[in-house]
Protein chains: 2
Amino acid sequence: MSITIYDVAREANVSMATVSRVVNGNPNVKPTTRKKVLDTIERLGYRPNAVARGLASKKTTTVGAIIPDISSSFFSELARGIEDIASMYKYNIILSSSDQNQDKEVHLINTMLEKQVDGIVFMGGQITDEHIQQFNSAHVPVVLAATKDDTKHIPSVNIDYEKAAYEATTDLIERTKEQPALITGGKHVQANGYKYQGYVRALEKAGIELDESYIFENETTYNGGIDAAGEMLEKGKRPKAVFVTTDEMAVGVIHGLQDANIQVPEDVEVFGFNNTRVALMVRPTLTTIVQPMYDIGAVAMRLLTKYMNKEEVEENTVILPHRMIERDSTK
Amino acid sequence: MSITIYDVAREANVSMATVSRVVNGNPNVKPTTRKKVLDTIERLGYRPNAVARGLASKKTTTVGAIIPDISSSFFSELARGIEDIASMYKYNIILSSSDQNQDKEVHLINTMLEKQVDGIVFMGGQITDEHIQQFNSAHVPVVLAATKDDTKHIPSVNIDYEKAAYEATTDLIERTKEQPALITGGKHVQANGYKYQGYVRALEKAGIELDESYIFENETTYNGGIDAAGEMLEKGKRPKAVFVTTDEMAVGVIHGLQDANIQVPEDVEVFGFNNTRVALMVRPTLTTIVQPMYDIGAVAMRLLTKYMNKEEVEENTVILPHRMIERDSTK
DNA sequence: ATGAAAGCGCTAACAA
DNA sequence: TTGTTAGCGCTTTCAT
C-alpha cells in the first residue's frame with residue numbers, strides 16, 4: 001500500500017534504523033549513506049507516518065486547544081496567537097469549541113488526552129474543581145489563556161481585569177463626576193467578576209455610593225448591547241457614561257443609543273473592553289481597554305512549549321500589560 | 001506508566017480482544033463480561049490510546065482543515081461550521097492558517113498527511129496544479145470550501161460568486177443608471193475573478209460601457225477599504241454607487257466616504273459581500289450578499305464524511321444558494 | 001557508523 | 001462468545 005521506512009531501507013540497502021536516523025536528522029550517519037537514503041526517499045516518495053512515530057516515541061507534536069467559540073473575533077485572535085507560536089515550534093493544533101459548556105469541555109479534554117496531545121491550551125469561562133482534577137490527572141502540561149484559575153494551581157496567561165476595569169471606570173468618573181452605568185455579561189464568567197470588582201473599587205475610591213440599578217447584564221454580543229442599552233433607557237436611566245465589558249457589546253450599546261437619538265459621546269460616553277477589530281469599525285470609534293489577545297495566545301503557547309520541554313519556568317501565572325486607548329466615544 | 005488495554009484484560013480476567021470489543025461497542029460480548037470489563041476500566045481509570053488505535057486501524061478520526069486566517073471573521077465562521085459537523089461525526093480537527101501562502105499550504109497538507117488525517121477540508125485563494133497533484137497523491141479525500149477549482153477535479157462547496165456579483169451590480173445600476181465603482185481584493189484570489197466577471201456582465205447587460213478607471217484594487221481589510229475610498233476620491237471619481245467585494249472592506253469604504261463628508265447612501269450607495277457580523281455593526285447598516293459561511297463549512301465537512309465513509313456522492317461540486325439583503329447603505 | 005530486535009498499545013483476522 | 005496472534009510503522013536500546 002503505502003511506502004514505509006522498511007521499503008526505503010530495503011531499496012537503499014541499509015537498515016530501518018539508519019533510515020530513521022536520517023529522517024530524524026541524527027548526525028551519526030555517514031554523509032554518503034545519508035545522501036543515498038535521502039535519494040531513495042525522494043525516489044519512492046516516502047512520507048513518514050507520524051502516528052507510528054507517535055506510538056513509538058510517545059510524542060505527537062500536537063497540542064490541544066479548547067476555546068469557547070472559534071467564530072468569535074475575540075477568541076479567534078487568541079487562537080491565531082497560539083497557532084503562530086505552535087507552528088514556530090513545529091506543533092500542530094487540535095482546535096475545538098466548547099461554547100463554555102462544562103460537559104463539552106470535560107469531554108474535549110478527554111478526547112484530546114486520548115489522542116495523546118503533548119499539551120493543552122485551555123480557554124473557558126470558569127475553572128471548577130472538576131477541571132483542576134482532570135488537568136492534574138492528565139499527564140501533560142496545561143496552560144490557561146485569558147482564563148483565570150483563582151487557586152493558581154494551573155499556569156495561566158491573563159491581563160489584570162480588575163485593574164483594567166478600575167482604570168476605565170475611574171477615567172469615566174473623572175470627567176462625569178458620577179457613577180457610570182455598567183453593562184456586562186454574566187457573572188458566571190470569571191473575568192466579568194473581576195471587572196465588576198474593579199468597577200466597584202473605582203466608585204469607592206471616588207467616594208460614590210454604588211447604585212446597583214445602573215448595572216445591566218446581558219449577552220456579550222452586539223445584540224446584547226443593543227438590548228442592554230434599550231433596557232437602560234426604558235428604565236429611565238440616563239447616565240453620562242457607560243462602561244461596557246466587551247467591544248462588540250459596546251458597539252451595540254452605541255447603536256442602541258444612537259437609534260434613540262442620543263449622541264455619543266456628547267450625551268453619553270461609552271467605554272469598551274478588548275480592542276477587537278470592531279472598535280475601529282464604529283463611528284464614533286470606540287475608547288477601550290487593549291487586551292492583547294494575540295499576545296495572550298502566543299505567550300500561553302510559548303509557556304506550554306517550556307513545560308513540554310521540561311524547561312524551568314520562573315513564574316507560572318503571567319499577567320500581561322494592558323492599556324487604554326482613548327478614541328472618539330469618550331470626551 | 002499508563003494503564004493499557006493489557007492491564008485491563010489482566011485485571012478483568014479476559015483477553016485484550018474482549019476489552020477492545022467492549023471499548024469499541026462491539027455487540028458480541030456477553031452482558032456480564034461487558035459489565036465486568038467496564039467496571040475494571042472505571043476502577044483503573046483506563047483511557048484508550050488513540051494513537052495506537054490509529055496505527056492498528058489506519059483511521060485517526062481526525063481531519064485537517066487549512067484556512068487562510070483563522071482570525072478573520074469570515075473564515076472563523078466557516079471553521080465553526082466545519083467543526084460542528086466534524087464533532088457531530090466524532091472527528092477532531094487539526095486547524096492551521098496558511099495566510100494563502102502557497103508554500104505554507106503545501107507544507108501544511110504534507111504535515112497533515114503525515115499525521116494520517118482521514119480527510120482534509122481546504123480553503124485558499126487559488127488552486128494550482130501543484131495543489132491538485134498533491135491532493136491526488138494524498139490517499140484521503142479532500143473537499144474545498146469557499147474555494148474554487150476551475151477544473152472541477154476536486155469536490156468543493158461554494159456559492160455562485162459570478163451570479164451574486166452580477167445581481168449586486170445590477171441592483172445598483174437599476175437605481176443609479178450608471179457604472180458603479182468596483183472595490184475589490186487582488187485578482188489572484190479566484191473568487192475576486194468571478195466577482196469581477198459578474199460585475200462586467202451586469203454592465204454589459206445594462207448596455208453600459210466598462211470604464212476600468214472605476215475599478216480599485218486594495219487589501220480586503222477595513223483599512224484597505226478606507227484607502228480604496230480615499231484613492232477613488234483623490235482621483236476625482238464620484239460614482240453614485242460602489243460595489244465592494246467584502247463587508248469588512250465595505251465598512252472601510254463607508255467610513256472613508258463619511259470621513260470626507262460624503263453621505264451614504266444619499267450621495268453614494270455601498271454594497272458589500274458576505275454578510276459577516278460587521279455588516280450589522282455599521283451605520284448605515286450594510287446592504288450585502290449573504291454568503292452562508294457557516295453552511296459552506298458544514299456542508300463541506302458533511303461531504304467529506306461521505307467520502308471518508310466511501311458513500312456514493314451524487315454531485316461533487318455543490319453550489320449553495322446566496323441571497324441579497326437590502327439594508328440602509330443602499331437606497 | 002550501522003544493524004538487529006524488542007517494543008509502543010491497539011485492531012482484526014482467525015480459531016476455538 | 002471469547003482468546004490467540006500477527007501485525008500497524010516507527011523509535012530506541014544494545015550490539016557490533
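Model, not experiment: these values are computed from the prediction. Reminder, nothing fancy here: chain letters follow the sequence lines and each chain counts from 1. For the numbers below, each heavy atom of this structure counts, side chains included, while hydrogens, waters and symmetry mates do not.
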Inset, instruction - Write down the distance between OH (B:Tyr6) and C1' (C:dC10), rounded to a whole number of angstrom. - result: 14 Å

Inset, instruction - Using side-chain hydrogen bond (donor to acceptor under 3.5 Å, both in side chains) as the criterion, list what pairs up with B:Ser137, not counting sequence neighbours. - result: none

Legend entry - N or O in side chain of A:Lys58 less than 4.0 angstrom from C:dG9 OP1/OP2: yes

Legend entry - A:Lys35: salt bridge (Lys or Arg N to Asp or Glu O under 4.0 Å) partners, not counting sequence neighbours: A:Asp39

Legend entry - Within 6.0 angstrom of B:Glu42 CD, more than 12 heavy atoms from elsewhere: no

Legend entry - Candidate nucleotides D:dG9, C:dT2, D:dG3, ranked by approach to the side chain of A:Ser15 - the nearest: C:dT2

Legend entry - Protein proximity profile, nucleotides 11-16 of chain C - base contact B, sugar-phosphate-only contact S, no contact -, cut-off 4.0 Å on heavy atoms: BBB---

Legend entry - side-chain contact (heavy atoms from CB on, under 4.5 Å) involving A:Ala17 - partner list, sequence neighbours excluded: A:Ser15, A:Arg21

Legend entry - Ring-face cation contact, B:Tyr194 with B:Lys148, 6.0 Å cut, 45° max: yes

Inset, instruction - Any pair with a residue in residues 92-122 of chain A that passes ring pair (Phe, Tyr, Trp, His ring centres under 6.0 Å), sequence neighbours left out, goes on the list, sorted by first then second residue, please. - result: A:Phe122-A:His131, A:Phe122-A:Phe135

Legend entry - Within residues 33-45 of chain A, residues whose heavy atoms come under 4.0 Å of DNA chain C: A:Thr33

Legend entry - Under the side-chain contact (heavy atoms from CB on, under 4.5 Å) test, residues paired with A:Val299 that sit two or more places apart: A:Val157, A:Val318, A:Leu320

Inset, instruction - Let me know the distance between NZ of A:Lys59 and P of D:dG9, rounded to the nearest Å. - result: 23 Å

Inset, instruction - Mind checking A:Asn28 for me? I need base, sugar-phosphate or nothing, with any heavy atom below 4.0 Å counting as a touch. - result: base

Inset, instruction - Let me know the distance between NZ of B:Lys115 and P of D:dC10, rounded to the nearest Å. - result: 15 Å

Legend entry - Spacing between A:Glu114 atom CD and C:dC10 atom C1', to the nearest angstrom: 13 Å

Inset, instruction - Please identify each residue that fulfils side-chain hydrogen bond (donor to acceptor under 3.5 Å, both in side chains) with B:Gln190, with sequence neighbours left out. - result: B:Gln126, B:Asp150

Inset, instruction - Using a heavy-atom cut-off of under 4.0 Å over every strand shown, decide if A:Val14 touches base, sugar-phosphate, or nothing. - result: sugar-phosphate

Legend entry - Nucleotide of C:dT2, D:dC10, D:dC8 approaching B:Leu55 most closely (side-chain heavy atoms): D:dC8

Inset, instruction - Round to a whole Å and report the spacing from CG of B:Asn26 to P of D:dG3. - result: 13 Å

Inset, instruction - For B:Val23, enumerate each residue passing the side-chain contact (heavy atoms from CB on, under 4.5 Å) test, keeping only those at least two apart in sequence or located in another chain. - result: B:Val19, B:Ile41, B:Tyr46, B:Pro48, B:Arg53

Legend entry - Between the first and last five pairs of the helix from C:dA1-D:dT16 to C:dA16-D:dT1, the angle of the axes, rounded to 10 degrees: 30°

Legend entry - Partner residues of A:Asp69 under the side-chain hydrogen bond (donor to acceptor under 3.5 Å, both in side chains) criterion, sequence neighbours left out: A:Ser71, B:Arg80

Inset, instruction - Please name all residues satisfying side-chain hydrogen bond (donor to acceptor under 3.5 Å, both in side chains) with A:Thr151, sequence neighbours left out, ordered by chain then number. - result: A:Asp149

Inset, instruction - Using whole Å, report how far CZ of A:Arg47 lies from P of D:dC10. - result: 12 Å

